[in-house]
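The chains referred to below are lettered A, B, ... by the order of the sequence lines, with proteins before strands, and numbering in each begins at 1.
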Protein chains: 2
Amino acid sequence: MSTHGASLIDVARAAGVSTATAGRALGGYGQVSDRTRERVLAAAAELGYRTNGLARSMVTGSTQTIGVVVTDVANPFFATALRGITDVTSPAGFEVLLANTGGTREAEQRAVTVMSEKRVDGMIVAAAQPGDGAHLKHAMDVGVPVVLLDRQVTGVPDADTITIDNEHAAAEAVAHLLELGHRRIGVITEAGDQLARVRSGSRRRGLFPSAVRLRGYVRALQAAGIEIDERLVAPARYERESAYDAMTSLLDSAVPPTAVLCTDNVLASGAYRAAQDRGLSMPADLSLVGFDDEPWTTLVRPELTIVEQPTYDLGARAGRQLLDRLAGSANRSPQHVQLKAKLVVRESTARYPASPQEDLAREERK
Amino acid sequence: MSTHGASLIDVARAAGVSTATAGRALGGYGQVSDRTRERVLAAAAELGYRTNGLARSMVTGSTQTIGVVVTDVANPFFATALRGITDVTSPAGFEVLLANTGGTREAEQRAVTVMSEKRVDGMIVAAAQPGDGAHLKHAMDVGVPVVLLDRQVTGVPDADTITIDNEHAAAEAVAHLLELGHRRIGVITEAGDQLARVRSGSRRRGLFPSAVRLRGYVRALQAAGIEIDERLVAPARYERESAYDAMTSLLDSAVPPTAVLCTDNVLASGAYRAAQDRGLSMPADLSLVGFDDEPWTTLVRPELTIVEQPTYDLGARAGRQLLDRLAGSANRSPQHVQLKAKLVVRESTARYPASPQEDLAREERK
DNA sequence: CTGAAAGCGCTTACAG
DNA sequence: CTGAAAGCGCTTACAG
C-alpha cells in the first residue's frame with residue numbers, strides 16, 4: 001500500500017539503520033542510542049511516516065481496540081453509557097469499535113463475529129436478547145473477554161456484568177407511592193407479556209431491565225400486602241404513542257389508578273402527555289413516576305418525580321472492568337457489579353387522598 | 001496468537017489442501033471446486049476458524065472500517081447523526097471506529113493519527129475547532145478520504161462537507177418573528193464573542209454553526225431594515241444554567257425583547273425555564289424559538305416553536321458520501337452538501353402586539 | 001547498542 | 001481447479 005506512504009523500511013534506509021533499530025526508535029521499545037534515535041525520528045518526520053497498526057497488532061497480538069455493541073446509539077441511555085466507556089478507555093490507549101444491532105440477535109451475532117475477526121482485545125455488549133449468548137460464549141472461548149452492560153444474558157456464565165439494580169429501583173418508586181397513601185398503583189411496562197413469568201419469580205438471567213422493573217413493582221406491592229391487579233398493568237411498546245394509549249386505557253378503566261409508574265423515559269413522556277391532554281391535574285388527580293433524569297423532566301410543570309439511573313457510570317464501570325480483565329486478571333472469577341438507582345422526588349407525586357377534608361368532599365360528591 | 005484459535009494453515013492442513021486453496025474457499029475469491037470447498041468449510045467449522053482480519057487487511061489494503069470523530073457522543077445531536085452513519089455504512093460492510101474529542105484540538109489530532117495508524121478506509125469528522133485542519137489535510141494526503149460533518153474547517157479544501165444551512169435556518173426563524181410583528185428580537189448564542197466578525201461577513205469556512213446562525217439572525221434583521229442592537233445579543237455557554245442567566249439578563253434590560261431566538265436546544269431549555277420562573281406567560285408576554293425537535297419541546301406548555309435540523313439525515317448523507325468516495329470517485333472534486341432545516345411553528349410564538357385592543361390596554365396601563 | 005532473520009496470517013500473481 | 005512462493009509491515013528473540 002504505497003498510497004499509505006513510507007514504511008519502516010523506507011525510514012530505516014533513510015536513516016541508515018536496520019528496520020529493527022528504526023522500529024525500536026520509533027516504537028519506544030528496546031534500546032537505542034540517543035544519536036540513532038534522533039536520526040531515525042528525523043527521517044520519519046521527513047517522510048511523514050506513520051506506523052502501520054495492522055502490522056504491529058499482528059505481531060504484538062493486541063489491537064488496543066475494544067468492541068462496543070449496543071442496540072441503538074441514538075438512545076440517550078446508550079449514548080451516555082458509551083461516553084462513560086470512551087472516557088475511561090481512551091486515556092488507557094484504547095479505541096472503540098462501535099456496532100448497532102437495532103435489537104436483533106442476527107445483527108448482534110454478525111457484529112460480534114466481525115469484531116472477533118478484527119481482533120478487538122475485548123468487548124462490551126448491551127445484548128439484543130436475554131437468551132442464548134452462544135456467540136458471546138464463543139468470543140470468550142477464543143480469549144476475548146466480554147463485559148455485559150445493563151442486560152443479563154443466558155449462556156455466558158463467565159462474562160462480567162455491570163447492571164443497575166432495576167428491581168430495587170422500581171420497588172423504591174412503588175414504596176414511595178405506597179407511603180403517600182396510594183393503593184391502586186398502575187404500571188406502564190414493556191414487559192407486559194412477561195407478567196406471569198415475573199410473578200413466578202424465575203432467576204435473574206434471562207430477564208431484561210423492563211421485566212426486572214416489573215418484578216420490582218410486583219414485589220413492592222406484595223410486600224405491602226396488596227394483591228396484583230392485572231388491569232393495572234398496562235403493556236406498551238418502546239414508543240411515546242404506545243405509552244400514550246396505555247395511559248389512556250388505564251385512566252379509562254372502571255377503577256382507575258391514583259398513581260402510575262412508567263418503567264422508562266420514553267414511556268413516561270407518552271404517559272405524561274396523555275394525562276395532560278385529559279386535563280388531569282398532577283399530582284392532585286394523579287401521581288406519576290418516571291425513569292431517567294432527562295432534560296424534559298424538569299422543564300414540564302409539574303416537574304416529574306423519577307428514578308435516576310447512573311447511566312454514565314454504568315458505562316464507565318464497564319470500561320474499567322474490561323480494562324482490568326485486559327490488564328491481566330484474565331482468569332479471575334466473573335465480577336457482577338450492580339449499581340443503585342436513586343429516587344428523585346419532585347412535583348408529580350403527592351399524598352392520596354390529598355387531605356381528610358378533600359377525602360370527605362370526594363365522598364359527598366357521590 | 002494461538003489463543004485466538006486456528007489459523008488458515010491449520011484449516012488447510014486439516015482439509016488436506018494448500019493455504020491458498022483454503023483461503024479461496026473461505027474467502028469467497030478465486031476458483032474452488034465444490035468438493036474442495038466443502039472439505040475446507042467442514043474443517044474450518046470443526047476448528048472454529050475465524051479469519052484474521054488484520055492479516056487480510058494488510059494484504060488487501062482495506063480494513064472495511066471508517067473512523068468517526070465527534071466532540072461528544074452523549075450529545076443527542078451527534079448520537080443521532082452517528083446512528084445515521086452506521087445505518088448507511090453497516091449494510092455496506094463497514095464498521096465504525098469511534099472517537100470522542102471533548103472539543104479539544106489536541107484530542108482530535110490524536111484521534112485522527114491513531115485512526116490513520118489503524119488504517120481506516122476513510123473518516124467522518126465533526127471538528128472540534130473551525131481553524132487549522134492540517135491533521136485532516138495530512139490524512140487526505142496519504143489517501144484517507146475525509147468527510148466533514150456539520151462543521152466547516154479551514155485548511156482542508158478537498159474534503160467533502162455535509163452541513164446544515166444554518167444561516168437560512170436562523171434567518172427563517174427571525175423572519176417568522178418579524179412577520180408576527182416583533183421588532184425587538186433577542187438572541188441567545190454561543191457565538192456572542194464573534195458578533196463583530198459575523199457582521200463583517202467573512203467567509204463560511206472558519207465559522208461554526210453557532211456563529212453561522214448568529215449571522216442568519218443579523219442578516220434577517222438587516223434585510224428588514226432593523227438595526228442590530230447589541231444589547232439584544234446575549235452570550236451563553238453550552239449549558240442550561242448559562243442560558244438561564246442569559247435569558248434573565250435579557251429580560252432585565254431597560255427595553256426587553258418581545259421575542260427571543262435560542263440557537264440550540266440546550267440554550268432553549270435554559271431560556272424556557274427562565275421565562276417560566278419569571279412568571280412570564282408565553283406566548284402572550286414573550287415569544288420563544290428554539291432549535292432541534294427534542295422530546296421536551298412538545299411536552300412543555302406552551303409547546304415550543306423550533307427549527308428542526310435533519311440530524312439523522314446529516315449522518316446518513318455523510319456516510320453515503322464517504323461510501324461514494326471509497327467506491328472509486330476518489331479524484332472527483334469535493335462535494336458540498338447543505339441540508340435545509342425546517343421551521344416548525346407551535347405554541348410559543350404569537351403576534352405582537354397581540355391585538356389592537358390589547359395594545360390599547362397596554363398603553364392605558366402606563 | 002545494533003542487525004540479520006524469522007514469523008504474525010493472510011492474499012495474490014504465477015505456473016501448472 | 002490447485003499449489004509453491006512472495007510479500008504486506010511490523011516486532012521479537014538471538015547474536016554480536
field: Distance in angstrom units between A:Asn52 CG and C:dC10 C1', rounded
entry: 14 Å
field: Gap between atoms CE and P, on A:Met58 and D:dG7 respectively (whole Å)
entry: 15 Å
- prompt: Taking the side chain of A:Thr36 as heavy atoms from C-beta outward, which of C:dT2, D:dC10, D:dA5 is closest to it?
  reply: C:dT2
task: Using heavy atoms to find the nearest nucleotide of DNA chain D for B:Ser18 and B:Ala55 separately, return the residue whose nucleotide is more 5′.
output: B:Ser18
message: Can you measure A:Gln31 atom CD to D:dG16 atom P for me and round it to whole angstrom units?
response: 20 Å
query: Where the side chain of B:Arg24 is defined as all heavy atoms beyond and including C-beta, which of D:dT12, C:dC10, D:dG3 is the nearest nucleotide?
result: D:dG3
message: Is there a side-chain contact between B:Thr21 and B:Val32 in this structure, where contact means two heavy atoms from C-beta onward sitting under 4.5 Å apart?
response: yes
- prompt: Whole Å only: how far is the CD atom of B:Gln64 from the P atom of C:dT11?
  reply: 13 Å
query: To the nearest Å, how far apart are A:Ile9 CD1 and D:dG7 P?
result: 10 Å
query: Counting just side-chain N and O atoms, does B:Thr60 come under 4.0 Å of either OP1 or OP2 of C:dC10?
result: no
query: Are more than 12 heavy atoms from other residues, nucleotides or ligands located less than 6.0 Å from atom CZ of A:Arg13?
result: no
message: With a 4.0 Å limit, can you tell me whether A:Tyr29 has a side-chain N or O closer than that to the phosphate oxygens OP1/OP2 of D:dT11?
response: yes
message: Please report the distance, rounded to the nearest Å, between CZ in B:Arg56 and P in D:dG7.
response: 22 Å
- prompt: With distance as the sole test, does A:Asp160 use its side chain to make a donor-acceptor pair with the main-chain N or O of A:Gln335 at under 3.5 Å?
  reply: yes
- prompt: Would one find a side-chain N or O of B:Thr21 under 4.0 angstrom from OP1 or OP2 of D:dG3?
  reply: yes
query: Hey, is the main chain of A:Ser7 close enough, under 3.5 Å, to the side chain of A:Arg50 for a donor-acceptor pair?
result: no
query: Tell me, do A:Asp121 and A:Thr65 make a side-chain contact under 4.5 Å, heavy atoms counted?
result: no
query: For D:dT2, does OP1 or OP2 lie under 4.0 Å from any side-chain N or O of B:Ser33?
result: yes
Minimum-distance nucleotide (side-chain atoms of A:Val59 versus C:dC8, D:dA5, C:dA4): C:dC8
- prompt: Hey, which of these two, B:Gly27 or A:Gly30, hits DNA chain C nearer its 5' end, going by closest nucleotide?
  reply: A:Gly30
field: A:Arg119 (side chain) and C:dG9 (base): donor-acceptor pair under 3.5 Å
entry: no
message: Show, in sequence, the C-alpha distance, side-chain angles and deciding distance for A:Thr311 and A:Phe77, and conclude whether the side-chain contact (heavy atoms from CB on, under 4.5 Å) test is met.
response: CA-CA 6 Å; A:Thr311 312; A:Phe77 179 82; 3.5 Å; yes
- request: Flag the pair B:Arg320 and B:Asp324 as a salt bridge only when some basic side-chain nitrogen lies within less than 4.0 angstrom of an acidic carboxylate oxygen.
  value: no
- request: Go ahead and write out DNA chain D as dot-bracket, 5' to 3': ( ) for pairs within the strand, [ ] for ones crossing earlier pairs, | when the partner sits on another strand, dots for unpaired; Watson-Crick or G-U wobble, both distances under 3.5 Å.
  value: |||.||||||||.|||
query: To the nearest angstrom, how far is B:Leu54 atom CG from D:dG9 atom P?
result: 14 Å
task: Give the rounded distance in Å between these two atoms: CD of A:Glu38 and C1' of C:dC1.
output: 15 Å
query: Does a donor on one side chain and an acceptor on the other come within less than 3.5 Å for A:Thr113 and A:Ser116?
result: no
